[in-house]
Amino acid sequence: MPEKRLGLDIRSDGVSAVVVKRGLSSSQVTAAAHAAVSGDGGVEDALAEVLDALEARADLETMGISAGFSDAPMNFRAVHLPFAEMKKARQILPVELETQAPLKAEDIVADIHVLSRDEGLSGIAAYSSGSEVERELNILSAHGLSADHLCVPQVSAAFAFLSHRDDLPRKGLVLSASLRSACLVIFEDERPVFVRRIEGPFGRELARLSSQILLSVRAVSEMLCEDFVPEALYLTGSALERADFAGALSARTGIAVTPVNLSEETGTTVSDDAAEDFSPHLMDAALSLALFPPTDSAGFNLRQGAYAVTRRWERFRAELYHAGVLGLCLFLILLFNFLAGTRVLSREARRIAAQNAALVAAVLPGEQPGSDPVKALSDKVAALKGVSGVPEEEAVPARMVDILKTVTEKIGKDAGLTLSQMTVSSEGVQIGGEAESISAVDAVQGRLEKTPPFDKVTIVSTDNDKRTGKVNFRLKCQFTAPPGGGEGPKPAEGEPS
């Protein structure tokens with residue numbers, strides 16, 4: 001089922017919000033809004049304005065929320081932990097960072113983006129103070145928002161670009177920037193190796209931003225113990241709203257700058273309703289939060305420790321309610337199909353019962369209408385079999401199959417005989433038919449005589465048919481007497497001779 005998620009990028013100069021419907025194969029922006037910070041209201045008024053605009057087009061209570069404050073203080077460190085399990089790694093991470101940060105372990109709120117799990121866990125950690133995280137959550141809570149994730153929007157945009165660009169050079173930079181702050185991600189072989197937040201604001205010449213980028217490249221060279229020469233710098237974020245930003249940055253750093261449209265890079269479409277309000281560069285960070293919320297081991301989510309999300313039921317009860325309604329509808333449909341099928345089968349059973357009754361009345365007059373027609377027919381056949389004098393298998397000294405096989409083999413196709421009657425009794429077999437001549441009858445008599453299971457074969461009668469010119473004959477083949485000289489079982493009374 002497609003999931004809707006709200007991405008909120010809260011900056012000191014404005015608030016951007018994007019609602020994305022995420023599917024398995026594609027994603028679409030269904031609503032977007034932006035409000036600039038102005039006057040004495042500050043960020044709170046801009047956030048309220050954005051939420052009012054979105055509530056008219058989307059049900060915010062039923063969707064997940066990923067939010068972040070782009071201009072809030074944030075620090076990054078490369079770390080290696082001895083534990084490969086994320087739960088243990090997050091428990092020990094504040095203690096590990098305490099030696100590198102001017103904060104006590106209990107005041108640090110941190111998360112880690114995993115790069116490798118060789119002999120422990122290596123990655124990049126993002127951390128802030130508990131008071132700052134609490135301040136941000138209070139701003140969201142004042143507007144009725146309970147975010148699943150508290151992220152770093154500019155880093156999310158850079159990571160989203162790295163995960164989708166196919167033709168990346170081996171070494172390069174991704175800069176997600178506004179006019180007041182920026183996050184620089186340095187990558188090698190498509191993996192981030194260094195992340196840094198650069199404070200603004202940035203002047204017209206971008207001297208401070210450019211110098212900090214070059215210092216970061218030099219720091220990576222020292223960290224990797226090799227000369228790190230970036231082949232490209234990819235630029236995204238609201239800074240691209242200023243027309244000369246990319247050109248000035250390239251001139252200052254000496255690195256080719258490529259502007260990035262994150263919606264195009266990720267193949268995200270924009271619905272007709274949101275097309276007028278969606279601004280690609282201005283809303284790239286918010287779009288990345290809605291598209292790619294942090295996972296257990298990728299991205300940064302500062303809702304950790306005391307600030308971890310624990311009341312998921314309240315945020316997802318609307319989805320559960322909708323799922324329950326859909327489940328009830330499915331159950332009612334299945335129940336209706338079951339009852340309808342039962343009714344059809346009952347009607348069919350009554351029709352078959354009526355046909356059986358009609359069959360019994362037609363074939364077996366006098367039988368009760370409710371009797372089993374198969375059993376009644378079996379009983380009738382058994383009764384007729386007894387009256388007709390057809391012997392049972394055990395009353396005949398040989399099997400019926402053996403008798404038929406012997407008669408068929410000894411007569412042969414070239415005997416000139418056509419059989420029209422064969423009667424089996426406990427004493428023997430009587431054969432009747434037509435022959436080309438009396439000599440043909442004599443020949444068949446000789447073949448059958450003394451051939452098991454027959455002992456004596458007698459010509460009962462011969463008659464020339466003047467109409468056909470053939471001889472009508474009857475032969476009597478007596479069975480070989482059983483051992484001991486007994487006469488064998490007697491034929492049933494009334495058996496034909």
Side-chain angles (χ1 to χ4, degrees), residues 1-11 14-37 41 43-70 136-151 153 156-157 160 238 261-264 266-295 299 301 303 309 311-326 329:
M1 179 181 293
E3 176 201 7
K4 282 192 174 182
R5 177 165 288 275
L6 169 63
L8 271 175
D9 176 26
I10 303 171
R11 304 188 302 274
V15 177
S16 297
V18 175
V19 176
V20 172
K21 182 171 69 173
R22 301 189 306 162
L24 294 176
S25 58
S26 63
S27 299
Q28 184 180 55
V29 176
T30 59
H34 175 78
V37 173
V43 169
E44 287 80 0
D45 285 353
L47 179 57
E49 182 182 343
V50 165
L51 295 178
D52 289 340
L54 289 180
E55 285 175 350
R57 287 167 286 176
D59 185 5
L60 301 183
E61 294 183 359
T62 63
M63 63 182 67
I65 300 174
S66 299
F69 290 72
S70 288
E136 295 172 3
L137 291 177
N138 287 339
I139 293 175
L140 296 173
S141 178
H143 293 82
L145 299 176
S146 179
D148 305 292
H149 312 108
L150 190 61
C151 313
S156 295
S238 60
N261 183 332
L262 195 59
S263 59
E264 293 181 357
T266 58
T268 305
T269 60
V270 182
S271 67
D272 295 338
D273 295 337
E276 185 176 349
D277 302 314
F278 182 72
S279 177
H281 299 304
L282 185 64
M283 299 182 179
D284 273 355
L287 176 63
S288 68
L289 294 178
L291 280 176
F292 311 106
T295 64
N301 178 20
R303 297 216 64 171
V309 177
R311 301 178 66 187
R312 293 182 177 274
W313 165 255
E314 290 186 4
R315 292 194 307 281
F316 294 122
R317 60 185 175 185
E319 284 90 342
L320 294 175
Y321 172 78
H322 293 155
V325 171
L326 291 175
C329 292

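Since the structure is predicted, the reported quantities are computational estimates derived from the model, not experimental observations.
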Output the distance between atom CG (Leu140) and atom CD (Glu44), rounded to the nearest 0.5 Å. 10.0 Å
How far does CG of Leu47 sit from NE2 of His143, to the nearest 0.5 angstrom? 4.5 Å
Would you say Lys4 and Asp59 make side-chain contact, with heavy atoms under 4.5 Å? no
Per the salt bridge (Lys or Arg N to Asp or Glu O under 4.0 Å) rule, what does the pair list look like for residues 46-56, sequence neighbours excluded? none
Quick one: CG on Leu8 to CG on Leu51, what's the gap to the nearest 0.5 Å? 6.5 Å
Heavy-atom pair of closest approach, residues Ala32 and Ala274: N-CB, 4.3 Å
Return the minimal non-hydrogen interatomic distance between Ala157 and Ser288, and the atom names on each side. N-OG, 3.2 Å
Taking Arg5 for its side chain and Met63 for its backbone only, find out whether a donor-acceptor pair lies under 3.5 Å. no
From CA spacing to verdict: side chain to side chain donor-acceptor pair (under 3.5 Å), Asp9, Ser70: CA-CA 7 Å; Asp9 176 26; Ser70 288; 2.5 Å; yes
Could you go through the side-chain contact (heavy atoms from CB on, under 4.5 Å) check for Ile65 and Leu60 one step at a time? CA-CA 8 Å; Ile65 300 174; Leu60 301 183; 5.8 Å; no
Heavy-atom donor-acceptor pair, Asn301 side chain to Leu150 backbone, under 3.5 Å: yes
Given the rule in the side-chain contact (heavy atoms from CB on, under 4.5 Å) test, do Arg11 and Ser238 qualify, once you have shown the distances and angles that lead to the verdict? CA-CA 10 Å; Arg11 304 188 302 274; Ser238 60; 4.0 Å; yes
Shortest non-hydrogen contact from Gly7 toward Leu289: CA-CB, 4.0 Å
First locate atom CD of Gln28, then atom NZ of Lys21, and finally report the distance between them rounded to the nearest 0.5 Å. 5.5 Å
For a quick test of reading the model, state the closest non-hydrogen atom pair linking Ala33 to Arg57 and the distance between them. CB-NH2, 4.4 Å
Any side-chain heavy atom of Leu282 within less than 4.5 Å of one from Ser16? yes
Between the main-chain N or O of Leu262 and the side-chain N or O of Thr266, is there a donor-acceptor pair closer than 3.5 Å? yes
For the residue pair Val37 and Ala46, what are the closest heavy atoms and their distance? CG2-CB, 4.0 Å
With distance as the sole test, does His34 use its side chain to make a donor-acceptor pair with the main-chain N or O of Val15 at under 3.5 Å? yes
Any donor-acceptor N/O pair, Thr30 side chain to Val20 backbone, under 3.5 Å: no
How close do Phe292 and Ala160 get, heavy atom to heavy atom, and via which atoms? CD1-CB, 3.5 Å
From Glu61 CD over to Ser146 OG, what is the distance, rounded to the nearest 0.5 angstrom? 11.5 Å
What distance separates Asp284 CG from Ser263 OG, expressed to the nearest 0.5 Å? 6.5 Å
